Amino acid sequence: MIAVLASGAGSNLESLLLNNIPIDLVASDKPNCNALKIASNHGVSNIIACKKLKRLEQMLSKNEYSLIILAGFMRVLSPWFVKKYKIINIHPSLLPEFKGLHAIEQALEAKVSQTGVTIHYVDEGVDTGEIIYQHSCPIEATDTVSTLKQKIQTLEHKIYPEIIYRCLK
Ligand code: GAR
């Protein structure tokens, strides 16, 4: 069984669904988020939403999963939950640079010439787990948060399904 956890717009979830990743369950800590609407529109049969993280983790832990995929899930999972499952995350920077929230804004503020995308295993820390794959993305002088986000997300939508297929083999 494969589960996806998302909190936001759900563009990465949608790219996984469009690339035929066999997703059995989608869960969120934000009951009204667009990601859940995307899951429902694509016919995902198991959808769970709960604002309370501990409760959400308890509900999820009734099942076994071959993989749990974080796709814009903005909460830090409990240590017991992280130990129990194989979990991967996608983050919009070249970790260990620009961990946590607003990674795209952090890269622009730091005036670095490149940033990128990291796919990594989830451990007990925030964006500290073992790195599976990274891809860089140049930052142009004219880039804004919006243009850079668009470039990074285009990259995410291409590489996340590819790497997940590799993890499932
Ligand atoms: C993605 O860009 C993802 O990398 C980022 O949230 C966005 C979610 O977009 N994740 C993090 O920052 C995790 N620390 P989406 O809801 O459209 O997929």
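Please read all numbers here as calculations on a predicted model, not as lab measurements. Just so you know, ligand 1 is whichever comes first in the structure, and atom 1 is the first atom listed for that ligand. Note that these values count all heavy atoms, side chains included, but never hydrogens, waters or copies made by symmetry.
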Using heavy atoms and a threshold below 4.0 Å, how should the contact between K149 and ligand 1 be classified: side chain, backbone, both, or neither? neither

How far is atom 17 (O) of ligand 1 from its nearest protein heavy atom, and which residue and atom name does that atom have? S11 OG, 2.5 Å

E162/R166 salt bridge by N-O under 4.0 Å criterion: no

Nearest-0.5 Å distance that lies between atom CD1 in I164 and atom CG in N12: 8.5 Å

In the protein, which heavy atom is nearest to atom 4 (O) of ligand 1, and how far is it? E156 OE2, 2.5 Å

Does a side-chain N-to-carboxylate-O contact under 4.0 Å join D29 and K52? no

If only side-chain N and O atoms count, and only distance matters, is there a donor-acceptor pair under 3.5 Å linking H120 with E130? no

Can you tell me the protein heavy atom closest to atom 14 (N) of ligand 1 and the distance? H91 ND1, 3.0 Å

For atom 6 (O) of ligand 1, what's the nearest protein heavy-atom neighbour? Residue, atom name and distance, please. M74 CE, 3.3 Å

Closest by any non-hydrogen atom to atom 16 (O) of ligand 1: pick that one out of G10, G100, P92, A71. G10

Does some side-chain heavy atom of I139 sit less than 4.5 Å from a side-chain heavy atom of S113? no

Looking only at heavy atoms, which two atoms of S7 and S28 are closest? And how far apart? CA-OG, 3.8 Å

Please list the nearest protein heavy atom to atom 9 (O) of ligand 1 with its residue and the distance rounded to 0.1 Å. Q153 NE2, 3.2 Å

Can an N or O of L13 be found at a distance shorter than 3.5 Å from an N or O of ligand 1? no

Distance-only donor-acceptor check, side chains D123 and Y121, under 3.5 Å: no

Starting from atom 8 (C) of ligand 1, which protein heavy atom do you reach first, and at what distance in Å? G72 CA, 3.6 Å

